[in-house]
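Lettering of chains follows the sequences in order, A, B, ..., and the numbering in each one begins at 1. What you see is a predicted model, and the numbers here were worked out from it, not measured in a lab.
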Amino acid sequence: MAVFGLGRTAAAQTGANAPVPGTPPLRANRVTKSYLKGSVIALDDVSFDVHANQVTAMIGPSGCGKTTMLRLMAGLEYPSRGDVTMFGQPIMGPGPERGMVFQAYTSFPWLTTRANIEYGLKLQGLAKAERRERAEHFLELVHLEGFANAYPAELSGGMKQRVSIARTLAQNPALLLLDEPFGALDAQVTWEMEEMIIEIIERENKTVVVVTHDIQEAIYLADRIIFYTRQPGRIKADLPMAFKEGRRFRKKEEMLVHPGYVDMERRLYAMMREEIRGRVS
Amino acid sequence: MAQGQAGGTPPSDAASHQGDAAPAPVFRPPRQPFLEVLGSLTQRRTVVLGVAGVIIFFAVWEVAHYTTPEEKQRFLPAVEQVVAEIAYLFAEKNFIADVGTSLYRIYASFFVASLIAVPLGVFMGCFVKARALISPTTGGWRYLPAASFAPLLLVWFGPTDFAKMALLFLGCFFFLVALILDNTLAVQRELIESGLTMGAKRRQVVGITFRAAAPAILDSMRNMIAVAWTYLVIAEIIVATDGIGAVMMRAARFLHVDIMMGGILTIGVLGVLTDISFRIASRLLFPYLRVRR
């Protein structure tokens, strides 16, 4: 395993340049992240690879560092020790090749749905006609064709989140990072959104990392779940969703009756219980 | 569709009646007291109450005038006397020129102050090092009373328009910077971060921050221009041959209370009109704030 602690090159600045052959889309390499001069250790010597075209869910109790890991992947923060690499190049800042959807609504309130989707494409220097065409495609993908000219204030929470997803995907990121994307939505909308995400992943064939606090959501979305321990954040378990046998459920209720799902949920609840025992959240 | 059943026996099972019965009687909520917590108001009644407040104010003034002993009534003229005096000033004393001069001083100096304060505030809000360098100084200036600069400005620049406008500038610039800095800092962090993950460079991130803060910035400007009026009068009272403040100062020498009050009333009306213009500008500039689901 290559160590990139030193000698970061200017070519690596964008993180997209010169992928090293045979390296995974993302690799956390002995990552430690501490805050407040080392008195809070969010992540403690964490290493793992994210596999291409897989959905990796990161879960764990509150304050386990799962969101921190996602922010390191996005390049919004930097590790204290170790590094996070994308195709072998250390991540040196945020970039459109790693699209991120936040829990908070981040569509720009002064832009219509279409203009929001086109915003990133404009940054990439795409011509107007092509921007329009791409925007149409992604409007359709997230079922917002009828709301192309609406401002975010006119949209429901679920719709706003769909704008964020469309706008992120329109830039054709190599990686899709989701930070509790449905945390602010009510249960039924969340359920719809989860199924929509599966539909999109199947159609667009993306590598996805999703942070969630919802065990059921993690099992439904993920091909693999990484479970973090509470502070300091370490990997407690790395669980492939073997019971899915390589396919994803298009409808959530199909999963709920699967014995493999029930076992997995029970297992994750037991792990969560272990982590929170004797502590007050 | 009737929801449930009003009065009588409650329905034993959940049911919705469709067309098979008369609609349930209209529900009468408890009467709303005037001081209702979380109350709601139609736009029309809001206007009615606002106008009522103004009428009450002038009525109190009127009563105060007529209950004053007659020999002292000239120190508190009636509303109609002040209004007549304003009309006379406009008709006979070319008051419109003084109003124009004052408006020019206010708007020009406020425009210059905003032209510097808005970029500076946004700049400091975007970049923490710029903030650390500049903010303590501009923040400290707010505690230096602008009015106390009046004599100094007079010595430096003489009885010029520039001296007066410099005073107006000092009076609002530093507060404006502080307010706009706050507006910029209040921009939701994720908005900026999502811009970054979409590939926005520094210049574009500043653009996002500005667009996000713009409605609040315009609001801050609307509030600050009210303060600028205060300094206008101070500037024009100290040395001026023209402007609303100067007219009032001359009147004071001859105890023309009606002219002095007329000046104040004129400023009040101009201030309200300015406020309304800012609100209209906000509607035109930020139409997306007014749409609703």
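- Under a 3.5 Å cut-off, the side chain of S282(B) and the backbone N or O of F278(B) do not form any donor-acceptor pair.
- Proximity of L176(B) to S114(B): side-chain heavy atoms (C-beta onward) are separated by under 4.5 Å at one or more points.
- For residues 105-114 of chain A, the interface with chain B (any heavy-atom pair closer than 4.5 Å) comprises Y105(A), T106(A), S107(A), F108(A), P109(A), W110(A), sorted by residue number.
- Counting heavy atoms from C-beta on, the side chains of T138(B) and M124(B) come closer than 4.5 Å.
- Contacts between residues 128-166 of chain A and chain B, counted as heavy-atom pairs separated by less than 4.5 Å, involve Y151(A), A153(A), E154(A), L155(A), S156(A).
- At most 12 non-hydrogen atoms from other residues, nucleotides or ligands lie less than 6.0 angstrom from CD of Q43(B).
- Between the K66(A) side chain and the G60(A) main chain, a donor and an acceptor come within less than 3.5 Å of each other.
- In this structure, the portions of E193(B) lying under 4.5 Å from any heavy atom of chain A include both its backbone and its side chain.
- Of the atoms belonging to I208(B), heavy atoms from both backbone and side chain fall under 4.5 Å from chain A.
- The nearest pair of heavy atoms linking V177(B) to A117(B) is CG2-CB, 3.7 Å.
- When G75(A), A170(A), A104(A), G120(A) are compared by the number of non-hydrogen pairs under 4.5 Å with chain B, A104(A) comes out ahead.
- For R189(B), the part lying near chain A is the side chain, with the backbone staying farther off; criterion is any non-hydrogen pair under 4.5 Å.
- Taking each heavy atom of G88(A) and T23(A) in turn, the nearest pair found is N-OG1, 3.3 Å.
- When atom types are taken as modelled, the side chain of S80(A) and the backbone of S34(A) share a donor-acceptor pair closer than 3.5 angstrom.
- Annotation: Y104(B), atom OH; neighbour count of heavy atoms from other residues, nucleotides and ligands within 6.0 Å does not exceed 12.
- With hydrogens and angles disregarded, a donor-acceptor distance shorter than 3.5 Å links the side chain of Q171(A) to the backbone of M198(B).
- Counting heavy atoms of neighbouring residues, nucleotides and ligands inside a 6.0 Å radius, atom CZ of R142(B) exceeds 12 of them.
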